[in-house]
Amino acid sequence: MKEQLEAADHYPVDRVEAKWRERWDERNLYRAECSKTRPKYYCLEQFPYPSGHLHMGHVRVYTLGDVIARYRRMVGYTVLHPMGWDAFGLPAENAAIKSGVPPRVSTLANIAYMKQQMRQMGLSFDWDREVTTCLPDYYRFTQELFLLFFERGLAYQREGAVNWCPGCETVLANEQVEDGRCWRCDSVVVKRDLRQWYFRITQYADRLLEGLNAVDWPADVKIQQINWIGRSEGAEVQFELEAVDASVSVFTTRPDTLFGATYLVLAPEHRLVEPLIEGRQEAQAVREFVARERQVSDMERTQESGEKRGIFTGSYAIHPLTGAKIPVWIGNYVLADYGTGAVMGVPAHDQRDFLFANQYGLTVTAVVSPESLDEPVLPFLSAGTLIQSGPFTGMESVKAKRAIAEALQEANQGGPRVTYRMRDWLISRQRYWGAPIPIIHCPSCGPVAVPREQLPVLLPDNVEFTGLGGSPLAQTEDFVQVPCPQCGQPARRETDTMDTFVDSSWYYLRYASEKTSERPFDRKDVDYWMPVDEYVGGKEHAILHMLYSRFFTKVLHDAGLVAVEEPFNSLLVQGMVVLGGAKMSKSKGNSLSPEEILGQWGSDATRVFMLFAAPPDKDFEWSKNGVEGAHRFLQRVFRLVTRPVAVGGSDREAAVRLNRRAHRTIKKVGEDLGDRRAFNTAVSALMEFTNALYQEIDQVSPDSRQFLLETLVLLLAPLAPYLAEELWEHLGHQTSVHEADWPVFDPAQLVEDAVEIAIQVNGKVRARMVVGSDWDRDAVEQAVLAHADLTPYLQGHAIKKVVVIPARLVNVVVA
RNA sequence: GCCGGGAUGGCGGAAUCGGCAGACGCAGAGGACUUAAAAUCCUCCGGUUCGGAAGAAUCGUGCGGGUUCAAGUCCCGCUCCCGGCACCA
């Protein structure tokens, strides 16, 4: 076998990869163990939905994670690198409706196939910790955590307008609506009034903001979350109504413009609309207006953005500070579920109010001016000095904001407030293939938690998937009918299941724990491994999954179940895999199957190309020529290591040169695979090292040769695990290269005796020369000024200054 | 509209703290080996001008200014592309 390999120009990729796959399986090399002597490292990649096949995006994420995990093992960490399946979800249920195969059956078959694909890729997962969210041994704890939220007042039911996806036949959370469309199936989302379960994520809004300061994430992901949460400081103002015994409360970020409020506008859905118009002549027209506006979908609202429609209610409110009578309107531009669902109209200082007031002939009063005397050009939106504002006239906007909010507080007519854009997380789904919400609705006790000893609430098997009549659970009578756990009366089980984002909000904690059927996870294990040191995944979850998981961790922290408050310390957001400039997708007909790619090029070449062709956070363009190049490089390494050597040379200088290169490469690749996460330049450094070895390795002694080749193979091991293992064996080792220690560079070896520097005159390179590394500035300067090539440039010019940058360049500045 | 990120050879990209722009690879050209091809190995490869050539000069990191001995990198003003949010009061 060995002789065959040595003789070959090309190494047999299939045979080598198959050989080591088998041996690695026997050894169970990647089992994560707690250690007292080694520091821990938790390397996590987002687990896949088991759709049936890996796609190239998966190949990229798991390659990135695997390189990180392998590198950290070699530098001395004990590494947790787990994998599992985000296995609940609509596609399996929709497939069941089409084909009749139950979701459980198809999902488990898909998992088996994809697991085999991952094995082929040579990914270093600890499969003993595999998690499958659709199995009862996992979802019973998803249910238990739901109950924990329920007990802590963080899970509640509420009736209200929700996002309904007609394609998926279920509701969606706000985060799952993109441009008015369903994030999964792209259907236009409509509003429906339904009673639904929510998680009170808004209660954690401030902590979700603060926590971002403590994590090492890309700035744009942090900003996306900050914008999503949308914290906004301002004031609440109460306006007493003239005709009705009630007050309208509005939220404003500009309390300094309060004196310019000339009318109020309520959202069409506002609860005071009906009392305000009752018995008035305007009632009929207003009701028609409201009915029309409520039918407009979010989608249409967004698209027609700008057009303002409103109607006068016939009622008036009293300005809390001036006592003036101002009209109350209803307007389509006021959102029911932001702030208080009502705004004060300050047309002089708000773009939207300005348009609205002009359209309907409402009074415009300027109360802020750029300079205390001039009349502002309206609408004037910036801060300035207050005018026509009673006792606050002459005050700066910034000061006045606080002063007016405080005045309102004292008068019991409002005060400083903070509002958020983020809404509570709607988690009910009217579908079968998810974790059932463990609640029983009793006519006399209300919603009652399923007692813990009765968990899991199992998904029934005797279900038909017709796609008709709503959720199959609601139609399965022996699932629904159940006695109340509190009073024993006949009651009905909740038939909604949980959003699959609930399943994925805590899976990383389950991985970290030794398997237990007692609890979701053991605190001591979790505290050992958490937080995740590096989380690798796609940008599409920058808000959704990443925000939900952070919320979960904080709640579990508050419940005393985990020590950490932030689950993911560092985040690596990988770019898309594209082909012909567009994201790979079956519908565009530009997808590539990993089966084909891995079959043709093998794992190592596929990995190396993906790492080399672009930095991890950028989009990656697949190219046949590119993967060929990676394949060539690996073959080149193979030949270098295995080819027979003529006669060992003994060129001392060549040995010193290559040795220095080896140490420099160790340093470079270590930095690139470590905190810099620049896998593309790590590969290029190895290519350079390989090229250098080709030049001179035949001139060095056998000992030097062995050291140089071992170094190359060790550095290559995280990137091309199969080839590295094969060559490690060839170099005479019996143990796995993946258990070997990362080589250590000697700083003394990095220093060159002499370096070539560039010599500039007035910033232009005019000559080069070699100087000793130990020369001081003066010595370098003297040598440079004496350089013959410089004479034409220096003659007849006065030297103003000489800038010496050690080991790089000298710039002579002349008049 | 607001908030991010980006623009470097024919292509992917490198330049980590303001210090020789274009590492490494792909594509291309030439050569060696070969009966031939493939594979492999070696050399060249931003533009313009001058030169037979070696080489020299000069321009060059989206555009226009600026700071600096020195700018792909910092500052000011634009253009275009990508992403997020969008009547959020």
Side-chain angles (χ1 to χ4, degrees), chain A residues 9-10 178-179 218-228 230-232 234-235 250-254 257 265 267 301-302 304-308 331-335 337-346 349-353 355-356 419-423 539-540 542-543 575-576 608-609 612-615 617-630 632-633 635-636 639 668 671-672 675-676 678 680-691 694-695 756-766 768 800-814:
Chain A
D9 234 14
H10 279 67
E178 297 170 349
D179 284 335
D220 63 321
V221 177
K222 285 192 187 184
I223 287 162
Q224 274 188 53
Q225 292 214 350
I226 290 168
N227 291 344
W228 185 262
R231 183 189 153 97
S232 168
V250 306
F251 174 75
T252 177
T253 53
R254 293 293 303 274
T257 64
V265 196
R301 261 202 189 195
T302 319
E304 63 181 300
S305 172
E307 201 214 329
K308 291 183 178 36
N332 69 331
Y333 75 101
V334 178
L335 304 175
D337 53 359
Y338 180 76
T340 60
V343 301
M344 60 182 198
V346 187
H349 305 292
D350 182 281
Q351 185 65 44
R352 296 151 302 180
D353 296 345
L355 288 172
F356 190 77
T419 303
Y420 303 89
R421 210 190 71 106
M422 179 173 66
R423 314 288 146 78
K539 196 163 242 161
E540 66 275 17
I543 295 173
M576 290 185 305
V608 167
F609 174 51
F612 177 63
D617 55 334
K618 282 216 187 171
D619 286 354
F620 159 82
E621 170 92 32
W622 181 264
S623 119
K624 184 171 176 289
N625 285 331
V627 71
E628 240 162 37
R632 263 202 294 271
F633 165 62
Q635 295 292 354
R636 203 165 138 80
R639 278 192 301 274
K668 169 72 177 161
E671 285 165 357
D672 283 357
D675 292 341
R676 229 164 81 88
N680 53 331
T681 50
V683 174
S684 81
L686 288 172
M687 288 173 167
E688 287 179 88
F689 186 41
T690 303
N691 291 344
Y694 260 93
Q695 297 294 323
E756 191 186 63
I757 61 167
I759 303 171
Q760 299 180 331
V761 177
N762 287 348
K764 296 197 173 178
V765 179
R766 298 298 184 185
R768 323 183 143 269
K800 292 210 310 210
K801 189 177 181 181
V802 180
V803 183
V804 181
I805 308 296
R808 289 201 172 264
L809 59 76
V810 173
N811 189 10
V812 183
V813 185
V814 299

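Naming: A, B, ... by sequence-line order, numbering from 1 per chain. These numbers were taken from a predicted model, which means no experiment stands behind them.
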(message) Tell me if the centroids of the rings in A/Phe620 and A/Phe609 come within less than 6.0 Å of each other.
(response)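 Centroid separation for A/Phe620 and A/Phe609: below 6.0 Å.
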(request) Can you figure out which of B/A86, B/C41, B/U58 approaches the side chain of A/Arg639 most closely? (result)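 Of the candidates, B/C41 comes closest.
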(request) For the side chain of A/Pro615, starting at C-beta, report the closest nucleotide among B/C87, B/G4, B/A14. (result)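 My answer, after comparing the listed nucleotides, is B/A14.
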Taking the same atom, [atom1], in [N] and in [M], what whole-Å distance lies between them?
| N | M | atom1 | result |
| --- | --- | --- | --- |
| B/G66 | B/G72 | P | 15 Å |
| B/C78 | B/A89 | P | 26 Å |
| B/G22 | B/C44 | C1' | 16 Å |
| B/U8 | B/G13 | C1' | 9 Å |
| B/G51 | B/A32 | C1' | 29 Å |
| B/A15 | B/G55 | C1' | 27 Å |
| B/U68 | B/G19 | C1' | 12 Å |
| B/A36 | B/A23 | P | 34 Å |

Lys/Arg-Asp/Glu bridge criterion (N-O < 4.0 Å) met for [X], [Y]:
| X | Y | value |
| --- | --- | --- |
| A/Glu756 | A/Arg768 | yes |
| A/Asp337 | A/Arg423 | yes |
| A/Lys539 | A/Asp220 | yes |

Kindly indicate whether the side chain of [X], heavy atoms from C-beta on, has any atom under 4.5 Å from the side chain of [Y].
| X | Y | answer |
| --- | --- | --- |
| A/Gln760 | A/Val803 | no |
| A/Tyr333 | A/Leu355 | no |
| A/Ser684 | A/Phe612 | yes |
| A/Gln225 | A/Met422 | no |
| A/Val802 | A/Asn811 | no |
| A/Asn762 | A/Val813 | yes |

(message) Test of understanding: with side-chain hydrogen bond (donor to acceptor under 3.5 Å, both in side chains), list the residues that count as partners of A/Arg636, not counting sequence neighbours.
(response)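 With neighbours one apart ignored, the set is A/Asn691.
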Could you tell me how far apart [X] ([atom1]) and [N] ([atom2]) are, to the nearest whole angstrom?
| X | N | atom1 | atom2 | answer |
| --- | --- | --- | --- | --- |
| A/Lys222 | B/G83 | NZ | C1' | 19 Å |
| A/Lys618 | B/C81 | NZ | C1' | 13 Å |
| A/Trp228 | B/G4 | CH2 | P | 19 Å |
| A/Asn227 | B/G4 | CG | P | 9 Å |
| A/Asp220 | B/G5 | CG | P | 8 Å |
| A/Phe251 | B/C87 | CZ | P | 16 Å |
| A/Phe609 | B/G12 | CZ | C1' | 8 Å |
| A/Ile223 | B/G5 | CD1 | C1' | 10 Å |

(request) Could you check if the base of B/G66 is syn or anti? Syn means the glycosidic torsion is within 90 degrees of 0. (result)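 Classified anti.
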(message) Give me syn or anti for B/C82, where syn covers glycosidic angles within 90 degrees of 0.
(response)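 It is anti.
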(message) Taking donor-acceptor contacts at under 3.5 Å, does the side chain of A/Lys800 reach the base of B/C69?
(response)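 Donor-acceptor pair under 3.5 Å: no.
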When all nucleic acid strands are considered with a 4.0 Å heavy-atom cut-off, which category describes [X]: base, sugar-phosphate, or nothing?
| X | value |
| --- | --- |
| A/Gln695 | sugar-phosphate |
| A/Arg231 | nothing |
| A/Val813 | sugar-phosphate |

(request) Between A/Arg254 and A/Glu621, just flag the one whose closest nucleotide in RNA chain B comes earlier from the 5' side. (result)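 Looking at the nearest nucleotide for each, A/Glu621 comes out on the 5' side.
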(request) Report the residue (A/Thr340 or A/Lys539) whose heavy-atom-nearest nucleotide on RNA chain B is the more 5′ of the two. (result)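 It is A/Lys539 whose nearest nucleotide is closer to the 5' end.
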(message) My validator wants the stems of RNA chain B: runs of 3 or more consecutive Watson-Crick or G-U pairs, both distances under 3.5 Å, written as range with range.
(response)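 Expected stems, ordered by start: B:1-7 with B:79-85, B:10-12 with B:24-26, B:28-32 with B:40-44, B:46-50 with B:55-59, B:62-66 with B:74-78.
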(message) Side-chain N or O of A/Lys624 versus OP1/OP2 of B/G12: is the shortest distance under 4.0 Å?
(response)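 Indeed not, no polar side-chain atom of A/Lys624 lies that close.
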(request) Heavy atoms under 4.0 Å is the rule here; annotate nucleotides 16-26 of chain B 5' to 3' with B where the base is hit, S where only the sugar-phosphate is, and - elsewhere. (result) B--BB--BBSS
